[in-house]
Amino acid sequence: MTRTATMIIPFIFTIACKKEEPVEEGHETCVALDDRGIKSRLDNLVSSDDEIFALEGHCLEATSSINYGDVWGVRFAPTAPEGESPDFHIQMFFIPPNTDQTLMAWVPERLSKAECLDVPEGAFCGHVDDDTYDPNIDDVDLRGKTGTLDLEITKSASDSHHRYEGDLEWSVWAVDSNVSPEIYEAPAIGLSGTFHWQNPDGAF
């Protein structure tokens, strides 16, 4: 069995078992972030195949935002019980635009490369990482292949520090890293949601 298969199977089982019914005022994960006043987040996430990746309106918090020169790396994850690690996270890399802009999905030459620090302007790169067995390692279990991130600047603290909101439409694929060059393989899943993020250096 390939590494991809051994990682994806527990990932599918873990996420599918966490299927929850949304509450009337929004999914409980969204309500919890509202109560904490969390502004940087991915909201109302849904997937095209709940049996593989059960996202039914969930909201994820931006747990870290790291600057790599012009590029920012932002990690979104579900809230985990105190002392425990989240089951998965979504990692995205992009150069924050200074105008409203639609970023196009971009893929590094090596599909399993976790850090997309060479992502070009006008694009975003990212992946989903199953953290069930390796919560301290960022690796690629589902690679973002195609899609758009439609960003609108909703508030600015300066010419280069903004708050963004926009729709995310994304397809993510499993990666077979046991061949060269690496290739995509099933499962392929569509993800959609609403992106909220503010440059942490901005005085909002």
Side-chain angles (χ1 to χ4, degrees), residues 2 4-5 7-23 26-30 33 40-63 73-79 86-94 100-114 116 119-120 122-132 138-152 164-177 182-197:
T2 66
T4 302
M7 288 298 297
I8 280 296
I9 289 172
F11 178 50
I12 293 169
F13 179 79
T14 300
I15 299 304
C17 287
K18 296 203 169 185
K19 195 169 181 179
E20 300 171 356
E21 293 298 325
V23 294
H27 195 275
E28 61 184 25
T29 57
C30 307
L33 294 186
S40 292
R41 51 203 269 180
L42 283 177
D43 279 357
N44 307 316
L45 282 168
V46 295
S47 64
S48 61
D49 193 335
D50 289 340
E51 292 186 1
I52 295 176
F53 197 176
L55 291 172
E56 299 181 321
H58 290 64
C59 292
L60 309 182
E61 177 181 357
T63 56
V74 184
R75 177 174 296 193
F76 298 92
T79 302
D87 294 325
F88 72 98
H89 69 263
I90 294 175
Q91 183 81 36
M92 301 176 73
F93 296 87
F94 58 96
D100 295 351
Q101 187 174 351
T102 299
L103 306 184
M104 305 300 294
W106 180 84
V107 181
E109 184 176 347
R110 183 164 61 87
L111 301 181
S112 63
K113 179 181 180 181
C116 301
V119 61
F124 75 100
C125 178
H127 62 272
V128 180
D129 180 10
D130 171 18
D131 289 321
T132 306
D138 187 25
D139 53 22
V140 178
D141 291 306
L142 296 172
R143 163 63 67 194
K145 182 180 180 183
T146 59
T148 57
L149 178 57
D150 193 16
L151 294 182
E152 176 185 355
Y164 301 91
E165 178 177 336
D167 294 330
L168 172 67
E169 297 288 342
W170 207 19
S171 71
V172 295
W173 290 67
V175 173
D176 185 348
S177 58
E182 297 172 339
I183 60 172
Y184 293 108
E185 63 179 16
I189 307 167
L191 300 180
S192 63
T194 306
F195 177 94
H196 302 270
W197 183 73

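Not measured: the values here are computed from a predicted model.
- Between the side chain of Ser177 and the main chain of Ser112, no donor-acceptor pair closer than 3.5 Å is present.
- Between Phe88 and Leu60 there is a side-chain heavy-atom pair separated by less than 4.5 Å.
- Taken to the nearest 0.5 Å, the CG atom of Asp150 stands 10.5 Å off from the CD atom of Glu165.
- Counting heavy-atom neighbours within 6.0 Å of Trp106 CH2, excluding the residue itself, gives a total above 12.
- One finds a salt bridge joining Asp138 and Arg75 here, because a Lys/Arg side-chain nitrogen approaches an Asp/Glu carboxylate oxygen to under 4.0 Å.
- What you find for Asn44 and Cys30 is that their closest heavy atoms are OD1-SG, 4.1 Å.
- Between Tyr184 and Val107, some side-chain heavy-atom pair lies under the 4.5 Å cut-off.
- Thr148 has its side chain out of reach of Leu168: every pair of non-hydrogen atoms, C-beta onward, lies at least 4.5 Å apart.
- The side-chain heavy atoms of Val172 and Lys145, taken from C-beta on, include no pair separated by under 4.5 Å.
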Run Ile90 and Leu42 through side chain to side chain contact (heavy atoms under 4.5 Å, CB included) and show every step you take. CA-CA 9 Å; Ile90 294 175; Leu42 283 177; 4.2 Å; yes

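- Contact of the Leu191 side chain with the Leu55 side chain is registered, since non-hydrogen atoms from C-beta on lie closer than 4.5 Å.
- Across His127 and Asp139, no two heavy atoms sit closer than the pair CD2-O, 3.4 Å.
- Taking the ring centroids of Trp197 and Phe76, they lie at or beyond the 6.0 Å cut-off.
- Using a 4.5 Å heavy-atom threshold, the side chains of Leu149 and Thr102 count as separate.
- There is a side-chain donor-acceptor pair under 3.5 Å between Thr132 and Asp130.
- Using cut-offs of 30° and 60° for the angle between ring planes, the Trp170 and Phe124 rings count as tilted.
- Within the 4.5 Å cutoff, the side chain of His89 has heavy atoms near those of the Asp131 side chain.
- Looking at Trp173 and Ile189, their side chains never come closer than 4.5 Å, going by heavy atoms from C-beta outward.
- When atom types are taken as modelled, the side chain of Thr63 and the backbone of Ala77 share no donor-acceptor pair closer than 3.5 angstrom.
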Candidate pair Asp43 and His196, rule side chain to side chain contact (heavy atoms under 4.5 Å, CB included), full reasoning: CA-CA 8 Å; Asp43 279 357; His196 302 270; 3.4 Å; yes

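- In plain terms, the two heavy atoms of Leu111 and Glu182 that are nearest each other are N-OE1, 2.8 Å.
- Checking side-chain atoms of Glu61 against main-chain N and O of Arg41 turns up no donor-acceptor pair under 3.5 Å.
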